[in-house]
Structures are given as C-alpha cells and as structure tokens.
Amino acid sequence: LRVNPGFEPRNALVVPVDLGFGQYPEPEGREFEQHLVDRVRALPGVKSAALAVEIPLGQLHLRGFVSIDGYVPKPGEQMVHRRNVVGPEYFQAMGIPILEGREIDERDRKDTRPVAVINQAMAARYWPGQDPIGKTFENSGKTWAVVGVIKNGKYDALTEAPQPYFCLPLSQTDYVKRLHLVARTIGSPRGAASPVLQIL
C-alpha cells in the first residue's frame, strides 16, 4: 500500500475487450474499437478513456528488442525491454504523468511517422544528459521517434527496480483483438461499470 505504482489506481475502471470470438477483421475491428472509446468518453462521469494491449501489473508481460543508433551494448547487456501498445488518452486514463513532450494521440496514424513514449529509465539509459525528444530506436522492424517521456512505474511487480519501458500507438502497430479498456471517472468507477458493459 505504501508503494507508488507510477499510475493512479483510484477512480479507474478496467474492462477486458476480446474481439477474438466474433467476425472482426482489421477494418471492422479498428472501427469498433474507436466507436467503443468514443461512446465511453461520452458517458456522464467519465473524464477520459483509452484502449491498451496491457495494463501495469497485469497478466500480460509484453517485451520487445530495441536497437539504438550509436549505442553499443556491453557484453551480455539486456536489450529486450517492457513495452505496451496504447491508444490516445491512455496516460490520462491511467493517471501516468507526462514529464516531457506529449502523449500518444490522434495525430499518430498509420500513415504518419511512427512514434513512441518512453519512461525515465529508458531515457536515462540510452540518452543520459540529453533531451530524448526526437531520438529514435528500432523495434519490430520500424524506427520509432520519441515524442514523450513518462514517469517510471511498476510493470511486473511492486518490488521491482526501475526498468526501461516504452509505449507504441495502437494505430501504428499490428492489429490485435484482445485489449483493455481503461476509463478514468470523476467519482467512484462503480457507477460507470454498468453503462460501459451495456456499450460492450
């Protein structure tokens, strides 16, 4: 209870969304996801809502290999880091502070430059003493430009030491059918649970 997880757990509702049981190819699935978020954001008492593949301290533990131009790993140095894939307003909905730059938003589309938001630990490891905004790294065959830096958080366990972490936009990555909907509410999230489930 005394550990700061790096996000705000109060006044937040998390709902798993699984489109794998229906006929949702990518165009229809992405359209459904956008309509879902728009309708949840319009509910009374909801401040922000977003989709993400995983949530901190959840059951999924996504990781990805990164390569940074000009950075030479030390022998045996781990270059596989925690990662997430998120939609616009994710950091607002989770209560994760943006320390520099901006969060992932509607500007980040499939036809625009691939972008990423990284945490303090990743910025300090690869660009110490530098402004990380605009720096790039390779992951999954793409070059991602850093547009924001978030506060360090807990991703696997509350007892873990700070570790590098990065987030990529849902719109710029491969289509996935299993997501989490996160809604930030003004009051208790219990009041929003039933309306959200009715939308689903």
Side-chain angles (χ1 to χ4, degrees), residues 7 12-43 46-56 58 60-68 81-119 122-123 132-150 153 155 164-184 196 199-200:
F7 61 90
L13 176 70
V14 178
V15 181
V17 178
D18 190 346
L19 303 184
F21 296 106
Q23 299 300 315
Y24 282 99
E26 181 171 352
E28 289 82 356
R30 289 191 183 272
E31 183 178 5
F32 174 89
E33 292 166 2
Q34 186 59 56
H35 286 325
L36 171 63
V37 172
D38 290 342
R39 292 180 66 185
V40 172
R41 288 173 182 166
L43 289 173
V46 172
K47 295 174 62 177
S48 58
L51 291 169
V53 173
E54 68 161 13
I55 55 172
L60 292 177
H61 300 281
L62 299 180
R63 297 184 182 277
F65 176 84
V66 301
S67 174
I68 288 85
H81 301 315
R82 292 285 277 105
R83 59 168 265 177
N84 199 358
V85 183
V86 307
E89 287 193 17
Y90 171 74
F91 301 104
Q92 293 181 50
M94 286 295 296
I96 298 174
I98 298 281
L99 303 180
E100 295 181 59
R102 65 171 178 88
E103 70 172 316
I104 290 165
D105 60 28
E106 287 78 4
R107 287 173 286 182
D108 307 313
R109 305 183 309 273
K110 192 172 184 177
D111 60 347
T112 61
R113 185 185 190 190
V115 301
V117 170
I118 66 175
N119 71 349
M122 186 165 175
I133 303 301
K135 302 296 186 182
T136 61
F137 64 92
E138 302 281 337
N139 173 256
S140 300
K142 288 186 179 181
T143 299
W144 306 88
V146 176
V147 295
V149 178
I150 56 172
Y155 311 112
Y165 172 80
F166 62 96
C167 293
L168 309 177
L170 277 168
S171 57
Q172 296 181 336
T173 53
D174 293 337
Y175 172 58
V176 293
K177 295 185 176 182
R178 296 183 179 182
L179 300 164
H180 292 86
L181 170 70
V182 183
R184 172 73 45 187
V196 169
I199 292 174
L200 287 169

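Keep in mind it's a predicted model, so treat the numbers as computed, not measured.
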Going by side-chain hydrogen bond (donor to acceptor under 3.5 Å, both in side chains), name the residues that satisfy it together with [X], two or more places apart in sequence or in a different chain.
X: Gln34; result: Asp38
X: His81; result: Tyr126
X: Glu28; result: none
X: Glu33; result: none

For [X], all residues meeting ring pair (Phe, Tyr, Trp, His ring centres under 6.0 Å), sequence neighbours excluded:
X: Tyr175; value: none
X: Tyr90; value: none
X: Phe7; value: none

When Leu179, Val17, Leu19 are each screened for side chain to side chain contact (heavy atoms under 4.5 Å, CB included) with Leu36, the one that passes is Val17

Of the non-hydrogen atoms in [X] and [Y], which two are nearest, and what is the gap between them?
X: Ile104; Y: Asp108; result: CA-OD2, 3.5 Å
X: Val40; Y: Ala183; result: CG1-CB, 4.1 Å
X: Glu89; Y: Ala50; result: C-CB, 3.6 Å
X: Pro88; Y: Glu106; result: CB-OE2, 3.7 Å
X: Met94; Y: Pro56; result: CE-CD, 3.5 Å
X: Glu100; Y: Pro132; result: OE1-CD, 3.9 Å

By side-chain contact (heavy atoms from CB on, under 4.5 Å) - contacts of [X] (at least two apart):
X: His35; value: Glu31
X: Pro97; value: Leu99, Lys151
X: Arg113; value: Thr136, Ala145
X: Glu103; value: Phe91, Gln92, Ile98

Quiz item: Parallel under 30°, tilted from 30 to 60°, perpendicular over 60°: which one fits the rings of Phe137 and Phe166?
Solution: perpendicular

| said: In the structure I gave you, are the side-chain heavy atoms of Pro164 and Tyr155 within less than 4.5 Å of one another anywhere? | reply: no

Spacing of [atom1] belonging to [X] relative to [atom2] belonging to [Y], to within rounding of 0.5 Å:
X: Arg83; Y: Glu54; atom1: CZ; atom2: CD; value: 9.5 Å
X: Leu51; Y: Ser171; atom1: CG; atom2: OG; value: 11.5 Å
X: Leu60; Y: Arg82; atom1: CG; atom2: CZ; value: 9.0 Å
X: Thr173; Y: Lys110; atom1: OG1; atom2: NZ; value: 10.0 Å
X: Arg30; Y: Tyr24; atom1: CZ; atom2: OH; value: 15.0 Å
X: Ile68; Y: Thr143; atom1: CD1; atom2: OG1; value: 11.0 Å

Is it the case that over 12 heavy atoms from other parts of the model lie below 6.0 angstrom from the NZ atom of Lys142? yes

- Task: Assess whether atom CZ of Arg178 is packed by more than 12 heavy atoms of other residues, nucleotides or ligands within 6.0 Å.
- Result: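 For Arg178, atom CZ is not crowded (no more than 12 foreign heavy atoms under 6.0 Å).
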
| request: Go through Thr112 and Gln172 one step at a time and tell me if the side-chain hydrogen bond (donor to acceptor under 3.5 Å, both in side chains) criterion holds. | output: CA-CA 8 Å; Thr112 61; Gln172 296 181 336; 3.2 Å; yes

If we ignore hydrogens and angles and just use 3.5 Å, is the side chain of Arg41 paired with the main-chain N or O of Ala49 as donor and acceptor? yes

message = Using modelled atom types and a 3.5 Å cut-off, is there a donor and acceptor pairing between side-chain atoms of His180 and backbone atoms of Val53?
response = yes

Contacts of Asp174 meeting salt bridge (Lys or Arg N to Asp or Glu O under 4.0 Å) (sequence neighbours excluded), chain-then-number -> none

Tyr165 and Ile150: side-chain contact (heavy atoms from CB on, under 4.5 Å), yes or no, with the steps? CA-CA 9 Å; Tyr165 172 80; Ile150 56 172; 4.0 Å; yes

